Amino acid sequence: MADTPANAVPVVTIDGPGGAGKGTIAGLLAERLGWHLLDSGALYRLVALDATSRAIPLEAEAELARIAASLDVRFDARSGEGLVWLGNRDVTQAIRTEACGQGASVVAALPAVRTALVQRQRDFRQLPGLVADGRDMATVIFPDAGLKVFLTASVEERARRRHKQLKDKGIDVSLAALSRDMAERDRRDSERSVAPLRPGQGARILDTTGMTIPEVVDLMSRWASETFPDASPRRA
Ligand code: DC
């Protein structure tokens with residue numbers, strides 16, 4: 001059978017600020033469609049984590065780009081828990097801390113780090129389709145995606161959701177501090193010179209303030225089936 005050209009593989013991009021629910025929604029949508037999932041934020045988080053554990057400053061662009069290019073990462077979706085491995089270390093929890101998120105936002109502003117991760121992200125585009133979650137999925141990585149969604153919610157709602165998520169994991173942080181950190185991260189992600197956070201051309205803007213997760217997933221899977229009427233789910 002001839003190889004399918006990458007641009008023939010359907011892609012749904014989901015971009016937006018932190019705490020808008022992208023990760024949860026992207027995971028559920030990929031499951032519903034039976035498609036692959038790219039959690040691009042995890043790659044930036046892994047660069048920050050790896051650099052921190054080797055005591056490399058988060059401004060050392062050339063060294064960080066080398067780390068990004070040679071990340072020995074494995075996403076293990078089969079377990080149903082979405083385990084993330086860096087070498088032989090299970091870093092699933094370690095990359096989810098707020099400190100790692102802030103670190104990711106710092107390293108993500110470095111052009112050489114972003115360049116080093118481009119091809120790795122595009123390699124996720126495989127049949128029967130891909131749901132790609134990030135900040136620049138529609139603007140830089142998959143500008144030809146058939147369905148582009150920019151997911152957002154008010155900063156208060158996003159902080160509340162993140163607070164609940166952390167609390168459920170037994171992590172106690174103040175809502176005010178979270179809200180402040182979130183606003184700072186939004187500013188850094190939106191104002192950086194390379195691949196700033198913004199909707200891609202033709203993106204549908206979806207404000208999820210006041211919407212439940214199932215409502216968002218239902219709406220987006222309807223959009224996906226309208227956009228890709230012939231797409232078939234992945235075989236188990
Ligand atoms: O989505 P997240 O919280 O896991 O992302 C962590 C940081 O990584 C976020 O502050 C910005 C950065 N990021 C990025 O610049 N580009 C992406 N495609 C994904 C994440």
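Atoms within each ligand, like the ligands themselves, are counted from 1 in listed order. What you see below is based on every heavy atom in this structure, not just the backbone, and it leaves out hydrogens, waters and symmetry mates. For clarity, every value in this text was computed on a predicted model and none was experimentally measured.
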ask   = Picking from Arg158, Lys22, Glu157, Arg161, what satisfies side chain to side chain donor-acceptor pair (under 3.5 Å) with Thr208?
value = Arg161
note = The atoms of ligand 1 lying under 4.0 Å from a heavy atom of Gly134, numbered in the order shown, are 18 (N), 19 (C)
query = Does any N or O atom in Gln121 lie less than 3.5 angstrom from one in ligand 1, N or O only?
reply = no
key: Among Gly41, Gly18, Ser105, closest by any non-hydrogen atom to atom 20 (C) of ligand 1   = Gly41
remark   = For atom 8 (O) of ligand 1, the closest protein heavy atom turns out to be Tyr44 CB, 3.7 Å
ask   = Roughly how far, to the nearest 0.5 Å, is CD1 of Ile67 from CD1 of Ile56?
value = 3.5 Å
message = Enumerate the ring-ring contact (aromatic ring centres under 6.0 Å, His included) contacts for residues 188-231, please, sequence neighbours excluded, ordered by first and then second residue.
response = Trp35-Phe228
Identify every side-chain donor-acceptor pair in residues 139-151 under 3.5 Å, counting partners at least two apart or on other chains, and give the distances.
| residue | atom | partner | partner atom | Å |
| --- | --- | --- | --- | --- |
| Asp144 | OD1 | Arg125 | NH1 | 3.1 |
| Asp144 | OD2 | Arg125 | NH1 | 3.3 |
| Asp144 | OD2 | Arg125 | NH2 | 3.4 |
| Lys148 | NZ | Pro143 | O | 2.7 |
| Lys148 | NZ | Gln201 | O | 3.1 |

request  = Could you check which of Leu110, Asp136, Val113 puts a non-hydrogen atom nearest to atom 18 (N) of ligand 1?
outcome  = Asp136
task = Looking only at protein heavy atoms, identify the closest one to atom 19 (C) of ligand 1 and say how far it is in Å.
result = Ser40 OG, 3.4 Å
request  = Look at atom NZ of Lys164 and say whether more than 12 heavy atoms of other residues, nucleotides or ligands are closer to it than 6.0 Å.
outcome  = no
ask   = Which residue owns the protein heavy atom closest to atom 4 (O) of ligand 1, what's the atom, and how far is it?
value = Arg45 NE, 2.6 Å
key: atom 12 (C) of ligand 1: nearest protein contact (heavy atom, Å)   = Ala108 CB, 3.6 Å
task = Would you give the length of the straight line joining atom CZ of Phe75 to atom CG of Leu43, rounded to the nearest 0.5 angstrom?
result = 4.5 Å
query = Is Ser225 reaching over with its side chain to a backbone N or O of Arg222, donor-acceptor style, under 3.5 angstrom?
reply = yes
query = Between Asp189 and ligand 1, does any nitrogen or oxygen pair lie at a separation below 3.5 Å?
reply = yes
message = Quick check: Asp39 and ligand 1, any N/O pair under 3.5 Å apart?
response = no
message = Need the ligand 1 atom indices (1-based, order shown) with element for anything under 4.0 Å from a heavy-atom of Ala104.
response = 6 (C), 7 (C), 8 (O)
request  = Identify, for atom 17 (C) of ligand 1, the protein heavy atom at the shortest distance, and state residue, atom and that distance.
outcome  = Arg135 N, 3.4 Å
task = From the options Lys22, Gln102, Arg185, Arg96, select the one whose nearest heavy atom is closest to atom 10 (O) of ligand 1.
result = Arg185
inquiry  = With no hydrogens and no angle check, just 3.5 Å: does a side-chain donor-acceptor pair link Ser105 and Arg185?
reply    = no
Shortest heavy-atom approach to atom 16 (N) of ligand 1 - which of Arg114, Met137, Glu184, Arg188 = Arg114
query = Arg162 and Gln165: side-chain donor and acceptor closer than 3.5 Å?
reply = yes
